[in-house]
Amino acid sequence: MKYFFFYSTILFTVISCSQKQKVDLLIYNAKIYTVDSSFSIAEAMAVNDEKIVEIGTTKDLTEKYSGNDNIDAEGKFIYPGFIDAHAHFYRYGLGLNTANLFETTSWEDILNRLQTFAQTHKDGWLIGRGWDQNDWAVKNFPTKERLDIMFPDRPVLLTRVDGHAAIANQKALDLADVIGGQTLTGGTVETKNGQLTGILIDNAVDLVAQKIPSATPDQISKSLMQGQQNCFAVGLTTVDDCGIHYTQALFMDSLQKKGILKMRVYAMLSDAAQNFEYLFQHGKIKTDHLNVRSFKVYADGALGSRGACLLEPYSDRKDWSGFLLSSQQHFDSVANIISQKGFQMCTHAIGDSGNRTILNIYAKYLKGKNDQRWRIEHAQVINEADFNLFGQNNIIPSVQPTHATSDMYWAGDRLGSERVKGAYAFKQLMNQNGWIPLGTDFPVEDISPFKTFLAAVFRVDAQGFPAGGYQVENALSPQDALRGMTIWAAKSNFEEGEKGSLEKGKFADFIILDKDLITSDAKDVLNTTVLATYIGGEKVYSKK
Ligand SMILES: [Zn+2]
């Protein structure tokens with residue numbers, strides 16, 4: 001018996017050498033996290049025609065396959081390409097042509113950055129993004145006087161980190177015909193002593209933003225290329241683009257069909273009549289690179305600017321509970337039509353009242369257990385009584401772990417010590433359906449999925465603060481965090497059959513890392529380097 005086994009092995013090897021199957025890519029000697037249902041680890045992967053042909057041991061696959069490209073991974077770590085379940089890819093790309101106002105230390109700091117930016121961007125509007133007065137010693141909103149002195153003839157619009165507030169100079173306000181005392185639904189034009197301060201809240205931001213001339217197709221294309229390159233460098237192979245116009249989705253489709261845009265995009269169209277008309281008339285759009293079958297609706301604003309709609313007043317502003325951005329009736333009618341047409345609804349909801357409103361409307365149309373995968377984006381502050389509505393109706397909370405570690409400095413002030421326990425409650429939310437997609441909300445946060453992993457698992461920020469983690473009872477295990485960034489994100493996009501794990505028949509979207517993220521200490525997570533990124537078996541990024 002022993003001899004028989006010995007000879008048959010030799011025989012098999014001889015046969016297989018002569019009849020090795022040719023594939024596009026064979027990668028071996030790796031530690032491959034397949035993120036399949038049993039979270040199994042493999043060593044080698046054969047890829048042909050963009051898809052995984054087989055995954056297994058180095059011995060088996062090197063005997064069976066010969067690649068046009070053969071890669072010895074030398075023991076490095078392979079993960080499925082990361083999927084960001086909530087981002088603003090298009091906006092991020094365009095934003096690369098705007099002044100970066102993230103992590104400013106003061107209003108003075110903003111003005112200095114803008115001065116520098118204006119020297120290299122000499123014409124037209126000056127657009128900036130990312131400021132957060134909560135980061136400053138003086139935490140009041142700034143006013144526009146010095147912008148008016150510095151830029152009397154160039155319109156300026158500087159958007160807050162969450163996009164729900166902005167400051168404009170007089171030139172921009174004039175172009176948009178904004179006047180003091182103006183009232184509008186779902187927004188505020190701020191005045192002090194009857195004078196415009198330049199601060200615009202929620203829908204008031206759009207009054208000015210809509211006056212900004214649009215970029216040319218060539219400019220947009222270049223910006224998106226830059227954006228995807230940055231994303232590949234951090235291991236992203238699919239991004240959910242939350243709330244774009246159908247023409248933007250079609251533009252990305254055209255770039256993908258030309259082979260210029262290789263990033264896979266799950267696009268949610270924003271809540272606008274044109275988008276509903278287009279998609280209902282043309283039906284869902286599905287290619288290997290683009291999936292359009294959902295709508296993004298906004299329930300309320302953000303917590304930082306106190307635009308989130310709360311059940312009880314803000315703990316640091318007793319006369320104020322925020323507000324819904326549209327009427328209940330609007331959300332209900334949108335849910336009704338989306339339900340009838342069989343599309344997915346994804347609603348931004350931050351405050352506990354915003355979330356309750358949407359949960360109840362969803363429940364009315366989903367009617368208990370279902371597989372519609374309607375999502376609540378952020379699901380940031382949930383009243384204790386409302387958590388079970390997620391599980392009862394299979395509503396998917398789509399959360400961004402870095403929001404917890406960015407907001408932790410002031411979330412307790414806004415919400416008070418009791419209410420804040422129901423905020424950023426990722427574990428509790430995950431338990432509702434047994435799975436949860438994770439994202440970043442970039443460019444609101446950094447694009448790095450490693451920061452998402454760090455915040456989800458260790459509940460600390462990039463500086464490692466706070467020691468021991470913030471509200472750690474809601475930390476996810478490393479395995480669940482990885483699932484949230486891969487297979488569960490794919491599932492929230494109805495794409496778990498084609499990506500999100502490294503299994504036979506799926507797209508070969510994967511990354512090679514120099515360290516093993518799953519077994520990493522908190523301090524090593526952000527020191528993990530993406531050595532290469534592959535989409536459909538094609539190398540789209542490699543570390544120089
Ligand atoms: Zn967002």
Side-chain angles (χ1 to χ4, degrees), residues 82-96 98 102 129-132 159-166 186 201-203 205-206 209 227 231 236 238-245 248-249 252 263 265-272 275 292 294-305 307-309 322 324-326 331 344-351 354-355 358 374-381 396-407 411 423-424 426 429 436-449 451-452 455-456 484-485 489 492-493:
F82 294 135
I83 300 172
D84 192 319
H86 184 115
H88 302 277
F89 176 69
Y90 198 94
R91 193 209 294 170
Y92 167 73
L94 293 192
L96 296 172
T98 65
F102 286 87
R129 193 181 166 87
W131 58 273
D132 184 352
T159 311
R160 198 179 174 281
V161 62
D162 57 19
H164 292 272
I201 307 287
D202 282 307
N203 288 349
V205 178
D206 297 336
C231 289
L236 288 165
T238 294
V239 289
D240 283 27
D241 205 341
C242 302
I244 60 173
H245 194 265
Q248 296 172 324
M252 288 197 279
M263 178 62 82
V265 177
Y266 187 81
M268 300 170 191
L269 302 190
S270 55
D271 173 12
N275 288 335
V292 192
S294 73
F295 293 95
K296 166 83 181 295
V297 177
Y298 279 91
D300 59 355
L303 195 59
S305 51
C309 189
L324 293 175
L325 293 175
S326 299
F331 298 127
Q344 183 191 38
M345 185 161 172
C346 304
T347 307
H348 163 118
I350 301 276
N355 274 284
I358 298 303
W374 281 18
R375 297 166 43 164
I376 291 191
E377 303 302 318
H378 313 305
Q380 209 166 85
V381 187
I396 313 307
S398 162
V399 302
Q400 301 74 38
T402 44
H403 281 346
T405 51
S406 292
D407 299 359
Y424 317 99
F426 309 142
L429 286 167
I436 193 167
L438 304 181
T440 58
D441 205 9
F442 75 71
V444 175
E445 298 281 353
D446 192 88
I447 63 171
S448 172
K451 289 186 181 170
T452 300
M485 296 157 66
S492 75
N493 299 345

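Every number for a ligand or one of its atoms is a count from 1 in the order of the listing. Please read all numbers here as calculations on a predicted model, not as lab measurements.
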Regarding D240 and R375, does a basic nitrogen lie under 4.0 Å from an acidic carboxylate oxygen?
yes
What N/O/S atom of H86 gets nearest to the Zn ion (ligand 1)?
NE2
Check whether the ring centres of H86 and H348 lie less than 6.0 Å apart, and answer yes or no.
no
Which is it for Q400 and T440 under the side-chain hydrogen bond (donor to acceptor under 3.5 Å, both in side chains) test, yes or no, and what are the steps along the way?
CA-CA 5 Å; Q400 301 74 38; T440 58; over 6 Å; no
Quick test of your reading of the model: are K296 and D271 salt-bridged, counting only N-O distances below 4.0 Å?
no
N, O or S from C242 under 2.8 Å to the Zn ion (ligand 1):
no
Among the N, O or S atoms of D441, the one nearest the Zn ion (ligand 1):
OD1
